[in-house]
Amino acid sequence: MAAELTAPQLIAKHRPTLDQALETIRTRAYWSPHPEHPKAYGENGSLSLPEGKAAFDALQGTRFDLDQPGTDGWVGGEVSPYGPELGITYPHPDIDTLLPAMRAGMRAWRDAGAEVRAMVCLEILSRISARTHEFAHAVMHTSGQAFMMAFQAGGPHAQDRGLEAVAYAYVEQSRTPDAAEWTKPQGKRDPLALNKRFTPVARGISLMIGCNTFPTWNGYPGLFASLATGNPVLVKPHPRAVLPLALTVRIAREVLAEAGFDPNLVCLAVERPDEGIAKTLAVRPEIKLIDYTGSTSFGDWLEANARQAQVYTEKAGVNTVVVESTDNYKGMLANLAFSLSLYSGQMCTTPQNLLIPRDGIQTDAGAKSYDDVVADLAASVNGLLGDDARANGILGALVNPDVKSRLEAAAGLGEVALPSREITNPEFPDAVVRTPVIVKLDGAKPDAEAAYLSECFGPVSFAVAVDSPADAVELLRRTVRDKGAMTVGAYTTSEEFSAAVEETCLEECAQLSLNLTGGVYVNQTAAFSDFHGSGGNPAANAALCDGAFVANRFRVVEIRKDA
């Protein structure tokens, strides 16, 4: 097929961006090519806020045709957590037809080389970025995130994570040279000489299983890591959050075709109600890579049963914050209040357990008892969310009825220090909006363990009284080792205690944030600098993003000839 986008054009346009990404993952500094502010869009071909909203509105009630092979019907049913039905239908795949079609373009994609693959991926990300406002509404109305969070996390932050994966993929593929002249001296005899070529070769079709809460942020790393290393990607969205990933697939297919490659290198697989297509696809022999974000039960099933594939999972964990002392009591409370409230606690990085010595802590505001700390934190959350308009902007909406059920059940697990309250969203009266609940538990009582040693996904936190700071560290260790953690936080003015927490996190392989009291929160990570998850504890078997996340998506095949 004729290419409208040539390799030299793509390299000229995107090589500087890739080079900056490569430099940034080396230095771990701050950088992003994707603007975080809504007003930055609307020029140079990007959609403004009204244009993005109009584009989203125009999609509702339509058939989302992708012109991909093997479509045997149309499926839909997305309902916004804010109330409206989207009314969009998507192609349902005949797997036996679609999978062979996806493999057909692999040779040309392989032969293009790592640099051209990276440039095509960056062009896809560039076009996604130009439609960030459209994506923001799509993410908002499938995940329940408030608009600004959907704009940032679903837009520039997700695009950054995709670019980061492309950069790591390029590093790993270019680690080995394309060719080498090999000569071995033989003393008085003629030397042995070989010409060698080294080619990164993809493993096969990659299955990306999307999640409901962060379809793009969690989906882009695996999608772009696989595509950049030469693998076709089959995107299987969560049935409640299809649109953001369907838009992504449409853009990817357009760019691939314009660059002269088979658009079927990226396809969409939307399932019928209760079909369970992910389980069917996961064990197909054509599927060689799987990226998954979601429940521990299905993640464990994938790891145990998808034996033919390399499986990357992000599952559930029990995130913990240890409070031993602080020199900024007000800042600590404000930081924790926001961390517990953001997106109604529906983040895999949100703190759940707050471990506080029952004898209290020392602060710059004087000694504070366990009860004081919990009451003051509850007051800080109430202060943050006291204005309903601001609360709606922070909380968003509960993503599904299961979260609401867990929230309501949590109040019966112990003494409620902060009851949840219902908030009305005047723009979307059908949205289910709830403030967080904080429940007090005694860490010394065995019957409390069932609560605080299980993930309670949503706006639920447990203030766990422990006998001493040393007991807090031991409980932290046991929690990470047995249940996993995406994040750990700690507050302390003691170098000795800080060292104990750091050593625990190093030994148990958990990402740690210490003494956050400003505008950086334990449940947020920055692409190119922060690692999301570690891959070293039960919460996830991979980190976003490091070399290990991309290196096993391809193999280097050597062809050598006598010189």
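Quick note: numbers below take in every heavy atom, side chains included, and nothing from hydrogens, waters or symmetry partners. The first residue in the sequence is number 1, and the count goes up from there.
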Taken in chain and number order and not counting sequence neighbours, the residues that satisfy side chain to side chain donor-acceptor pair (under 3.5 Å) with Asp372 are Ser369
Here the gap from Asn319 atom CG to Asn353 atom CG, rounded to the nearest 0.5 Å, amounts to 9.0 Å
Partner residues of Tyr491 under the ring-ring contact (aromatic ring centres under 6.0 Å, His included) criterion, sequence neighbours left out: none
Applying ring pair (Phe, Tyr, Trp, His ring centres under 6.0 Å), which residue pairs with at least one partner in residues 324-362 are found, sequence neighbours left out? Phe214-Tyr343, Phe338-Tyr521
Which atoms form the tightest heavy-atom contact between Cys545 and Phe531, and what is the distance? O-CE2, 3.1 Å
Tell me, please, which residues at least two apart from Asp387 pass side-chain contact (heavy atoms from CB on, under 4.5 Å). Ala389, Arg390
I'd like to know if Asp371 pairs up with Arg358 as an ion pair, taking the criterion as any Lys NZ or Arg NE/NH1/NH2 lying under 4.0 Å from an Asp or Glu carboxylate oxygen. no
Can you check whether Tyr168 and Phe528 have ring centres sitting under 6.0 Å from each other? no
Restricting to pairs with a member in residues 496-515, which pass side chain to side chain donor-acceptor pair (under 3.5 Å), not counting sequence neighbours? Arg477-Thr504, Arg477-Glu507, Arg477-Glu508, Arg481-Glu508, Ser498-Glu502
Stepwise side chain to side chain donor-acceptor pair (under 3.5 Å) test for Thr326 and Thr363: CA-CA 5 Å; Thr326 181; Thr363 81; over 6 Å; no
Who passes side chain to side chain donor-acceptor pair (under 3.5 Å) against Lys404, sequence neighbours left out? Glu408
Hits for side chain to side chain donor-acceptor pair (under 3.5 Å) against Ser461, two or more places apart or cross-chain, chain-then-number order -> none
Can you label the angle between the Tyr292 ring and the Phe298 ring as parallel, tilted or perpendicular, going by 30° and 60°? perpendicular
Report yes or no: is the cationic atom of Arg28 (NZ for Lys, CZ for Arg) closer than 6.0 Å to the six-membered ring centre of Tyr30, at no more than 45° off its axis? no
Could you work out, with side-chain contact (heavy atoms from CB on, under 4.5 Å) as the rule, every residue matching Ala527, not counting sequence neighbours? Asp160, Arg161, Glu164
Would you please name every residue forming a side-chain contact (heavy atoms from CB on, under 4.5 Å) with Gln152, sequence neighbours left out? Glu36, Met148, His157
Would you mind listing every salt bridge (Lys or Arg N to Asp or Glu O under 4.0 Å) that reaches into residues 315-336, with sequence neighbours excluded? Asp300-Lys315, Glu303-Lys315
Among all residues two or more places apart in sequence or in another chain, which pass the side chain to side chain donor-acceptor pair (under 3.5 Å) test with His532? Glu314
Run the side chain to side chain donor-acceptor pair (under 3.5 Å) check on Gln20 and Thr24 step by step: do they pass? CA-CA 6 Å; Gln20 184 62 59; Thr24 308; 3.3 Å; yes
Residue list, ring-ring contact (aromatic ring centres under 6.0 Å, His included) with His141, at least two apart or on another chain: Phe56, Tyr82, Phe428
Basic-acidic side-chain contact under 4.0 Å: Asp402, Arg406: no
Distance col, row Leu354:CG vs Thr320:OG1, nearest 0.5 angstrom, shows 8.5 Å
